[in-house]
Amino acid sequence: MQLWQGRFKKSLSKTTNDFNSSISFDSRMFREDIQGSIAHATMLGETGIIKKEESLHIVEGLKGILEDLLSGELHFDMECEDIHTFIEGELTKRIGDDGKRLHTARSRNDQVAVDIKLYLRHEVEEIISLLKDLIKVIASKAKEYYDTVMPGYTHLQRAQPITFGHHLLAYGEMFLRDLSRLQDCRKRMNINPLGSCALAGTTYPIDRHMTSELLGFDAPTNNSLDGVSDRDYCLEIASDLSIIMVHLSRFSEEMIMWCSWEFKFVELDDAFSTGSSIMPQKKNPDIAELVRGKSGRVFGDTMGLLTAMKGIALAYNKDMQEDKEAIFDAVDSVKMCLISFTPMLDTMTVLKNKMRSAAAGGFINATDCADYLTKKGIPFRDAYKATGALVARCIDLGTDLENLPMEEYKKVHSAFDDGVYEAINLEKCVADRTSFGGPAPQNVMKQAEDMLKKIED
Ligand code: ARG
(Lines give C-alpha, C1' and ligand atoms only; values in the text may rest on other atoms or scores of the structure.)
Protein backbone atom coordinates (compact mmCIF):
# COMPACT_ATOMS: atom_id res chain seq x y z
CA MET A 1 0.00 0.00 0.00
CA GLN A 2 1.29 3.44 -0.95
CA LEU A 3 0.27 6.96 0.03
CA TRP A 4 1.01 8.40 -3.39
CA GLN A 5 -2.15 7.47 -5.25
CA GLY A 6 -3.93 9.58 -7.87
CA ARG A 7 -1.29 10.14 -10.48
CA PHE A 8 -0.68 6.49 -11.28
CA LYS A 9 -2.72 4.26 -13.57
CA LYS A 10 -1.12 0.99 -12.51
CA SER A 11 -0.02 -0.36 -9.15
CA LEU A 12 3.60 -1.29 -8.42
CA SER A 13 4.87 -4.66 -9.51
CA LYS A 14 5.41 -7.09 -6.63
CA THR A 15 9.19 -7.09 -6.94
CA THR A 16 9.35 -3.29 -7.18
CA ASN A 17 7.11 -2.99 -4.17
CA ASP A 18 9.35 -5.32 -2.17
CA PHE A 19 12.47 -3.51 -3.32
CA ASN A 20 11.04 -0.08 -2.50
CA SER A 21 9.54 -0.96 0.84
CA SER A 22 11.23 -0.24 4.18
CA ILE A 23 8.58 -1.39 6.65
CA SER A 24 10.53 -4.57 7.46
CA PHE A 25 13.22 -2.46 9.11
CA ASP A 26 11.60 0.91 9.89
CA SER A 27 8.66 -0.55 11.83
CA ARG A 28 10.88 -0.47 14.91
CA MET A 29 10.34 3.32 14.90
CA PHE A 30 6.57 3.02 15.41
CA ARG A 31 6.66 4.73 18.81
CA GLU A 32 8.61 7.67 17.45
CA ASP A 33 6.41 7.93 14.36
CA ILE A 34 3.32 8.16 16.53
CA GLN A 35 5.00 10.56 18.95
CA GLY A 36 5.97 12.84 16.03
CA SER A 37 2.47 12.66 14.54
CA ILE A 38 0.84 13.51 17.87
CA ALA A 39 3.04 16.61 18.15
CA HIS A 40 2.28 17.58 14.55
CA ALA A 41 -1.47 17.09 14.93
CA THR A 42 -1.48 19.04 18.20
CA MET A 43 0.33 21.91 16.52
CA LEU A 44 -2.09 21.84 13.55
CA GLY A 45 -4.99 22.16 16.01
CA GLU A 46 -3.37 24.90 18.12
CA THR A 47 -2.53 27.03 15.07
CA GLY A 48 -6.00 26.60 13.57
CA ILE A 49 -4.66 24.87 10.46
CA ILE A 50 -7.16 22.12 11.27
CA LYS A 51 -10.03 22.30 13.76
CA LYS A 52 -9.33 21.57 17.43
CA GLU A 53 -11.75 18.65 17.48
CA GLU A 54 -10.14 17.18 14.37
CA SER A 55 -6.77 17.42 16.04
CA LEU A 56 -8.05 15.78 19.23
CA HIS A 57 -9.67 13.06 17.18
CA ILE A 58 -6.37 12.34 15.42
CA VAL A 59 -4.39 12.30 18.68
CA GLU A 60 -6.87 9.93 20.27
CA GLY A 61 -6.71 7.63 17.23
CA LEU A 62 -2.91 7.63 17.29
CA LYS A 63 -2.84 6.80 20.98
CA GLY A 64 -5.15 3.84 20.33
CA ILE A 65 -2.83 2.58 17.59
CA LEU A 66 0.16 2.84 19.91
CA GLU A 67 -1.64 0.96 22.63
CA ASP A 68 -2.70 -1.81 20.27
CA LEU A 69 0.77 -2.16 18.77
CA LEU A 70 2.31 -2.38 22.24
CA SER A 71 -0.20 -4.96 23.44
CA GLY A 72 0.27 -7.04 20.30
CA GLU A 73 -3.34 -6.64 19.26
CA LEU A 74 -2.37 -4.79 16.09
CA HIS A 75 0.22 -6.15 13.64
CA PHE A 76 2.21 -4.30 10.99
CA ASP A 77 0.93 -4.72 7.47
CA MET A 78 4.05 -5.73 5.57
CA GLU A 79 2.40 -4.71 2.28
CA CYS A 80 2.74 -1.06 3.33
CA GLU A 81 5.63 0.92 1.90
CA ASP A 82 6.88 2.04 5.28
CA ILE A 83 5.91 2.64 8.91
CA HIS A 84 4.60 6.14 8.07
CA THR A 85 2.25 4.72 5.44
CA PHE A 86 1.05 2.01 7.79
CA ILE A 87 0.22 4.32 10.67
CA GLU A 88 -1.52 6.95 8.54
CA GLY A 89 -3.54 4.22 6.81
CA GLU A 90 -4.49 2.58 10.09
CA LEU A 91 -5.50 5.96 11.52
CA THR A 92 -7.82 6.68 8.63
CA LYS A 93 -9.24 3.17 8.88
CA ARG A 94 -10.06 3.89 12.51
CA ILE A 95 -11.24 7.52 12.55
CA GLY A 96 -12.24 8.18 8.95
CA ASP A 97 -11.74 11.48 7.14
CA ASP A 98 -10.00 13.30 10.01
CA GLY A 99 -7.13 10.82 9.61
CA LYS A 100 -6.58 12.20 6.13
CA ARG A 101 -5.91 15.66 7.60
CA LEU A 102 -2.83 14.55 9.59
CA HIS A 103 -0.39 14.93 6.72
CA THR A 104 -1.29 18.62 6.15
CA ALA A 105 1.93 20.70 6.08
CA ARG A 106 4.14 17.65 6.41
CA SER A 107 6.02 15.26 4.18
CA ARG A 108 7.47 11.85 4.87
CA ASN A 109 10.82 13.54 4.30
CA ASP A 110 10.64 15.60 7.48
CA GLN A 111 8.63 12.86 9.19
CA VAL A 112 11.29 10.20 8.70
CA ALA A 113 14.04 12.59 9.82
CA VAL A 114 12.15 13.28 13.04
CA ASP A 115 11.53 9.58 13.63
CA ILE A 116 15.20 8.65 13.22
CA LYS A 117 16.35 11.47 15.46
CA LEU A 118 13.90 10.55 18.21
CA TYR A 119 14.82 6.88 17.90
CA LEU A 120 18.56 7.50 17.93
CA ARG A 121 18.35 10.01 20.76
CA HIS A 122 16.96 7.26 22.93
CA GLU A 123 19.53 4.70 21.72
CA VAL A 124 22.40 7.11 22.34
CA GLU A 125 21.14 7.65 25.87
CA GLU A 126 21.07 3.90 26.40
CA ILE A 127 24.59 3.46 25.11
CA ILE A 128 25.75 6.30 27.37
CA SER A 129 24.30 4.43 30.31
CA LEU A 130 25.92 1.13 29.23
CA LEU A 131 29.26 2.91 28.90
CA LYS A 132 28.86 4.27 32.41
CA ASP A 133 28.28 0.73 33.70
CA LEU A 134 31.46 -0.42 31.98
CA ILE A 135 33.53 2.49 33.30
CA LYS A 136 32.24 1.79 36.82
CA VAL A 137 33.41 -1.83 36.60
CA ILE A 138 36.79 -0.75 35.22
CA ALA A 139 37.35 1.82 37.97
CA SER A 140 36.25 -0.59 40.73
CA LYS A 141 38.61 -3.26 39.43
CA ALA A 142 41.38 -0.68 39.23
CA LYS A 143 40.84 0.10 42.92
CA GLU A 144 40.98 -3.60 43.73
CA TYR A 145 44.24 -4.13 41.78
CA TYR A 146 45.79 -0.72 42.42
CA ASP A 147 49.11 -2.24 43.52
CA THR A 148 49.17 -5.47 41.48
CA VAL A 149 52.49 -5.44 39.64
CA MET A 150 52.45 -6.56 36.02
CA PRO A 151 54.68 -6.01 33.01
CA GLY A 152 53.80 -3.08 30.78
CA TYR A 153 54.49 -3.76 27.11
CA THR A 154 55.58 -2.01 23.98
CA HIS A 155 55.76 -4.04 20.75
CA LEU A 156 54.26 -6.80 22.93
CA GLN A 157 57.72 -7.06 24.54
CA ARG A 158 57.99 -6.61 28.30
CA ALA A 159 58.98 -2.98 28.78
CA GLN A 160 58.52 -1.43 32.23
CA PRO A 161 56.62 -2.39 35.37
CA ILE A 162 53.11 -1.04 35.84
CA THR A 163 50.10 -2.03 37.92
CA PHE A 164 47.07 -3.89 36.65
CA GLY A 165 44.92 -1.05 37.97
CA HIS A 166 46.87 1.38 35.82
CA HIS A 167 46.42 -0.79 32.75
CA LEU A 168 42.66 -0.97 33.34
CA LEU A 169 42.38 2.76 33.85
CA ALA A 170 43.90 3.32 30.41
CA TYR A 171 40.72 1.72 29.03
CA GLY A 172 38.66 3.76 31.46
CA GLU A 173 40.08 6.93 29.88
CA MET A 174 39.16 5.70 26.38
CA PHE A 175 35.58 4.95 27.38
CA LEU A 176 35.30 8.32 29.14
CA ARG A 177 36.21 9.99 25.84
CA ASP A 178 33.64 7.82 24.08
CA LEU A 179 31.07 8.92 26.61
CA SER A 180 31.77 12.60 26.07
CA ARG A 181 31.70 12.14 22.28
CA LEU A 182 28.20 10.66 22.51
CA GLN A 183 27.00 13.34 24.92
CA ASP A 184 28.33 15.95 22.54
CA CYS A 185 26.66 14.31 19.57
CA ARG A 186 23.34 14.02 21.40
CA LYS A 187 23.39 17.74 21.97
CA ARG A 188 24.20 18.56 18.35
CA MET A 189 21.56 16.24 16.91
CA ASN A 190 18.75 17.44 19.14
CA ILE A 191 17.38 19.94 16.60
CA ASN A 192 13.93 19.44 15.10
CA PRO A 193 13.54 18.87 11.33
CA LEU A 194 9.71 18.64 11.49
CA GLY A 195 8.17 21.47 9.48
CA SER A 196 10.86 21.37 6.81
CA CYS A 197 8.12 19.49 4.94
CA ALA A 198 9.16 18.01 1.59
CA LEU A 199 12.11 20.40 1.20
CA ALA A 200 10.76 23.94 0.96
CA GLY A 201 8.80 24.50 4.13
CA THR A 202 5.13 25.43 3.74
CA THR A 203 2.66 28.23 3.21
CA TYR A 204 0.62 27.09 6.24
CA PRO A 205 1.21 29.06 9.46
CA ILE A 206 2.90 26.15 11.27
CA ASP A 207 4.63 26.59 14.62
CA ARG A 208 7.91 24.72 14.55
CA HIS A 209 8.90 25.98 17.99
CA MET A 210 5.81 24.33 19.41
CA THR A 211 6.57 20.92 17.89
CA SER A 212 10.19 21.25 18.99
CA GLU A 213 9.09 21.78 22.54
CA LEU A 214 6.53 18.97 22.42
CA LEU A 215 9.18 16.54 21.16
CA GLY A 216 11.96 17.63 23.51
CA PHE A 217 14.12 19.20 20.80
CA ASP A 218 16.19 22.27 21.64
CA ALA A 219 15.15 24.23 18.52
CA PRO A 220 13.85 23.81 14.95
CA THR A 221 16.41 23.34 12.15
CA ASN A 222 17.32 26.64 10.46
CA ASN A 223 17.10 25.55 6.85
CA SER A 224 14.34 23.37 5.42
CA LEU A 225 16.58 21.83 2.75
CA ASP A 226 19.16 20.89 5.35
CA GLY A 227 16.43 19.68 7.69
CA VAL A 228 15.43 16.88 5.32
CA SER A 229 18.86 16.22 3.73
CA ASP A 230 20.91 16.00 6.89
CA ARG A 231 22.05 12.61 8.14
CA ASP A 232 25.15 13.92 9.91
CA TYR A 233 23.80 12.56 13.17
CA CYS A 234 23.82 9.04 11.71
CA LEU A 235 27.38 9.53 10.45
CA GLU A 236 28.46 10.99 13.76
CA ILE A 237 26.87 8.30 15.90
CA ALA A 238 28.28 5.56 13.64
CA SER A 239 31.74 7.14 13.86
CA ASP A 240 31.52 7.41 17.64
CA LEU A 241 30.35 3.80 17.81
CA SER A 242 33.22 2.73 15.57
CA ILE A 243 35.69 4.29 17.98
CA ILE A 244 33.98 2.51 20.88
CA MET A 245 34.42 -0.73 18.94
CA VAL A 246 38.14 0.01 18.41
CA HIS A 247 38.49 0.29 22.18
CA LEU A 248 36.38 -2.78 22.94
CA SER A 249 38.26 -4.75 20.31
CA ARG A 250 41.70 -3.85 21.71
CA PHE A 251 40.50 -4.70 25.21
CA SER A 252 39.08 -8.00 23.91
CA GLU A 253 42.36 -8.82 22.19
CA GLU A 254 44.19 -8.35 25.49
CA MET A 255 41.64 -10.44 27.39
CA ILE A 256 42.09 -13.21 24.83
CA MET A 257 45.87 -13.10 25.26
CA TRP A 258 45.64 -12.90 29.04
CA CYS A 259 43.42 -16.02 29.09
CA SER A 260 45.91 -18.05 27.08
CA TRP A 261 48.25 -20.51 28.83
CA GLU A 262 51.13 -18.38 27.54
CA PHE A 263 49.99 -15.48 29.75
CA LYS A 264 47.36 -16.79 32.20
CA PHE A 265 46.97 -13.38 33.78
CA VAL A 266 43.22 -13.81 34.08
CA GLU A 267 40.65 -16.55 34.03
CA LEU A 268 37.16 -15.87 32.73
CA ASP A 269 34.13 -17.02 34.62
CA ASP A 270 32.52 -20.18 33.23
CA ALA A 271 29.36 -18.21 32.51
CA PHE A 272 31.31 -16.15 29.97
CA SER A 273 33.39 -18.91 28.35
CA THR A 274 32.67 -21.68 25.91
CA GLY A 275 34.04 -25.17 25.29
CA SER A 276 35.08 -27.17 22.27
CA SER A 277 33.04 -29.96 20.71
CA ILE A 278 36.15 -32.13 20.35
CA MET A 279 38.87 -30.92 22.75
CA PRO A 280 37.67 -31.58 26.31
CA GLN A 281 40.30 -29.35 27.92
CA LYS A 282 39.30 -26.17 26.08
CA LYS A 283 37.87 -23.06 27.68
CA ASN A 284 37.53 -20.43 25.01
CA PRO A 285 37.06 -16.66 25.29
CA ASP A 286 34.33 -16.59 22.62
CA ILE A 287 32.64 -13.48 23.97
CA ALA A 288 35.80 -11.41 23.69
CA GLU A 289 36.45 -12.83 20.22
CA LEU A 290 32.92 -11.98 19.09
CA VAL A 291 33.26 -8.44 20.35
CA ARG A 292 36.55 -8.13 18.47
CA GLY A 293 34.86 -9.58 15.37
CA LYS A 294 31.82 -7.33 15.58
CA SER A 295 34.04 -4.26 15.32
CA GLY A 296 34.28 -5.04 11.60
CA ARG A 297 30.51 -4.85 11.20
CA VAL A 298 30.26 -1.48 12.86
CA PHE A 299 33.12 -0.06 10.76
CA GLY A 300 31.30 -1.46 7.70
CA ASP A 301 28.06 0.26 8.74
CA THR A 302 29.92 3.55 9.10
CA MET A 303 31.56 3.18 5.70
CA GLY A 304 28.21 2.28 4.13
CA LEU A 305 26.56 5.37 5.57
CA LEU A 306 29.36 7.69 4.46
CA THR A 307 29.25 6.24 0.97
CA ALA A 308 25.47 6.41 0.70
CA MET A 309 25.50 10.11 1.60
CA LYS A 310 28.49 11.37 -0.30
CA GLY A 311 27.06 11.81 -3.79
CA ILE A 312 23.42 12.78 -3.44
CA ALA A 313 22.12 16.18 -4.52
CA LEU A 314 19.89 18.09 -2.10
CA ALA A 315 17.35 17.37 -0.78
CA TYR A 316 15.79 13.94 -0.07
CA ASN A 317 16.75 11.02 -2.28
CA LYS A 318 15.65 7.44 -1.81
CA ASP A 319 19.29 6.46 -1.23
CA MET A 320 18.72 7.85 2.24
CA GLN A 321 16.38 4.99 3.10
CA GLU A 322 19.62 2.96 3.34
CA ASP A 323 20.57 4.91 6.46
CA LYS A 324 18.34 2.89 8.74
CA GLU A 325 19.63 -0.67 8.46
CA ALA A 326 23.21 0.55 8.82
CA ILE A 327 22.72 2.76 11.85
CA PHE A 328 20.35 0.28 13.51
CA ASP A 329 22.88 -2.49 13.06
CA ALA A 330 25.68 -0.35 14.48
CA VAL A 331 23.59 0.62 17.50
CA ASP A 332 22.36 -2.95 18.10
CA SER A 333 25.87 -4.37 17.79
CA VAL A 334 27.47 -1.92 20.21
CA LYS A 335 24.71 -2.43 22.75
CA MET A 336 25.07 -6.21 22.57
CA CYS A 337 28.85 -5.95 22.90
CA LEU A 338 28.65 -3.69 25.95
CA ILE A 339 25.95 -5.82 27.57
CA SER A 340 28.17 -8.91 27.21
CA PHE A 341 31.60 -7.39 27.82
CA THR A 342 30.92 -5.59 31.11
CA PRO A 343 29.82 -8.61 33.19
CA MET A 344 32.58 -10.71 31.60
CA LEU A 345 35.11 -8.18 32.90
CA ASP A 346 33.37 -7.89 36.23
CA THR A 347 33.49 -11.64 36.92
CA MET A 348 37.03 -12.45 35.73
CA THR A 349 39.57 -13.87 38.19
CA VAL A 350 42.85 -11.97 38.21
CA LEU A 351 45.90 -14.20 38.71
CA LYS A 352 48.18 -11.76 40.51
CA ASN A 353 51.02 -14.25 40.97
CA LYS A 354 51.20 -14.95 37.26
CA MET A 355 51.38 -11.23 36.55
CA ARG A 356 54.07 -10.80 39.20
CA SER A 357 56.23 -13.63 37.86
CA ALA A 358 55.87 -12.35 34.29
CA ALA A 359 57.01 -8.96 35.59
CA ALA A 360 60.10 -10.63 37.09
CA GLY A 361 61.29 -11.83 33.68
CA GLY A 362 62.28 -9.72 30.71
CA PHE A 363 64.44 -7.14 32.52
CA ILE A 364 61.60 -4.64 32.87
CA ASN A 365 63.59 -2.87 35.61
CA ALA A 366 66.50 -2.09 33.26
CA THR A 367 65.39 1.53 32.89
CA ASP A 368 65.32 1.84 36.68
CA CYS A 369 68.82 0.36 36.86
CA ALA A 370 70.06 3.00 34.41
CA ASP A 371 68.16 5.70 36.31
CA TYR A 372 69.98 4.61 39.50
CA LEU A 373 73.30 5.51 37.90
CA THR A 374 71.88 8.70 36.39
CA LYS A 375 70.72 9.86 39.82
CA LYS A 376 74.38 9.46 40.92
CA GLY A 377 75.38 12.00 38.27
CA ILE A 378 76.26 9.69 35.38
CA PRO A 379 74.85 11.01 32.06
CA PHE A 380 71.75 8.99 31.08
CA ARG A 381 73.20 7.79 27.77
CA ASP A 382 76.26 6.30 29.54
CA ALA A 383 74.05 4.73 32.22
CA TYR A 384 71.85 3.29 29.49
CA LYS A 385 74.85 1.71 27.78
CA ALA A 386 76.22 0.26 31.00
CA THR A 387 72.85 -1.28 31.82
CA GLY A 388 72.64 -2.75 28.33
CA ALA A 389 75.98 -4.47 28.99
CA LEU A 390 74.60 -5.78 32.30
CA VAL A 391 71.53 -7.23 30.57
CA ALA A 392 73.78 -8.97 28.03
CA ARG A 393 75.87 -10.35 30.89
CA CYS A 394 72.72 -11.62 32.68
CA ILE A 395 71.57 -13.38 29.52
CA ASP A 396 75.00 -15.08 29.21
CA LEU A 397 74.88 -16.18 32.84
CA GLY A 398 71.21 -17.15 32.74
CA THR A 399 70.27 -14.77 35.54
CA ASP A 400 68.54 -11.43 36.06
CA LEU A 401 69.49 -7.99 37.40
CA GLU A 402 68.16 -8.79 40.88
CA ASN A 403 70.48 -11.83 41.23
CA LEU A 404 73.55 -10.56 39.39
CA PRO A 405 76.50 -10.30 41.88
CA MET A 406 77.86 -6.85 42.72
CA GLU A 407 81.28 -7.68 41.22
CA GLU A 408 79.58 -8.00 37.80
CA TYR A 409 77.96 -4.57 38.31
CA LYS A 410 81.31 -3.06 39.28
CA LYS A 411 82.99 -4.51 36.20
CA VAL A 412 80.56 -2.59 34.01
CA HIS A 413 80.54 0.68 35.98
CA SER A 414 82.36 1.59 39.18
CA ALA A 415 79.52 3.85 40.36
CA PHE A 416 77.28 0.87 41.08
CA ASP A 417 76.86 -0.14 44.73
CA ASP A 418 74.49 -2.27 46.81
CA GLY A 419 71.78 0.42 46.67
CA VAL A 420 71.00 -0.73 43.14
CA TYR A 421 69.28 -3.87 44.42
CA GLU A 422 66.69 -1.79 46.22
CA ALA A 423 66.34 0.54 43.24
CA ILE A 424 65.47 -2.29 40.88
CA ASN A 425 63.03 -4.00 43.21
CA LEU A 426 59.83 -4.16 41.11
CA GLU A 427 57.49 -2.99 43.85
CA LYS A 428 59.72 0.02 44.42
CA CYS A 429 60.07 0.65 40.67
CA VAL A 430 56.29 0.92 40.46
CA ALA A 431 55.82 2.77 43.74
CA ASP A 432 58.30 5.47 42.66
CA ARG A 433 56.53 6.13 39.36
CA THR A 434 54.51 8.88 40.96
CA SER A 435 54.71 11.28 38.02
CA PHE A 436 51.24 12.60 37.12
CA GLY A 437 49.39 9.87 35.23
CA GLY A 438 51.95 7.24 36.20
CA PRO A 439 51.29 3.75 37.61
CA ALA A 440 52.25 4.20 41.28
CA PRO A 441 49.59 2.54 43.47
CA GLN A 442 48.66 5.79 45.20
CA ASN A 443 48.14 7.45 41.78
CA VAL A 444 46.00 4.57 40.58
CA MET A 445 43.81 4.68 43.68
CA LYS A 446 43.23 8.39 43.25
CA GLN A 447 42.61 8.13 39.50
CA ALA A 448 40.14 5.30 40.01
CA GLU A 449 38.26 7.25 42.67
CA ASP A 450 38.19 10.35 40.45
CA MET A 451 36.85 8.26 37.60
CA LEU A 452 34.05 6.85 39.73
CA LYS A 453 33.17 10.34 40.89
CA LYS A 454 33.08 11.62 37.30
CA ILE A 455 30.63 8.88 36.36
CA GLU A 456 28.40 9.50 39.32
CA ASP A 457 28.17 13.26 38.58
N1 ARG B 1 10.79 5.09 3.77
C2 ARG B 1 11.36 6.34 3.44
C3 ARG B 1 12.76 6.43 4.02
O4 ARG B 1 13.03 5.72 4.91
C5 ARG B 1 10.52 7.45 3.95
C6 ARG B 1 10.69 8.72 3.22
C7 ARG B 1 10.06 8.61 1.90
N8 ARG B 1 10.12 9.84 1.17
C9 ARG B 1 10.00 9.85 -0.17
N10 ARG B 1 10.08 11.01 -0.74
N11 ARG B 1 9.88 8.78 -0.87
O12 ARG B 1 13.59 7.19 3.60
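Just so you know, ligand 1 is whichever comes first in the structure, and atom 1 is the first atom listed for that ligand.
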Flag for Arg106-Thr202: side-chain donor and acceptor within less than 3.5 Å: no
So which heavy atom in the protein is nearest [atom], and how far is it from that ligand atom?
atom	result
atom 10 (N) of ligand 1	Asn109 OD1, 3.0 Å
atom 4 (O) of ligand 1	Lys324 NZ, 2.7 Å
atom 2 (C) of ligand 1	Gln321 OE1, 3.2 Å

Closest non-hydrogen atom pair, Ala105 against Leu44: CB-CD2, 4.4 Å
Mutual orientation of the aromatic rings belonging to Phe265 and Tyr153 [parallel < 30°, tilted 30-60°, perpendicular > 60°]: tilted
Whether His167 and Trp258 hold their rings parallel, tilted or perpendicular, with breakpoints at 30° and 60°: perpendicular
Any atoms of ligand 1 less than 4.0 Å from a non-hydrogen atom of [X]? List them with their elements.
X	result
Val112	4 (O)
Asp82	1 (N), 2 (C), 5 (C)
Ser22	1 (N)

Electrostatic pair Arg94-Glu90, nearest N-O below 4.0 angstrom: yes
Backbone or side-chain N or O of Tyr316 under 3.5 Å from ligand 1 N or O: yes
Structural part of Glu81 in contact with ligand 1, heavy atom criterion under 4.0 angstrom: neither
Side-chain polar contacts of residues 359-366 - donor-acceptor pairs under 3.5 angstrom, sequence neighbours left out - could you list them?
| unit_1 | atom_1 | unit_2 | atom_2 | d |
| --- | --- | --- | --- | --- |
| Asn365 | ND2 | Glu402 | OE2 | 3.1 |
| Asn365 | ND2 | Ile424 | O | 2.9 |

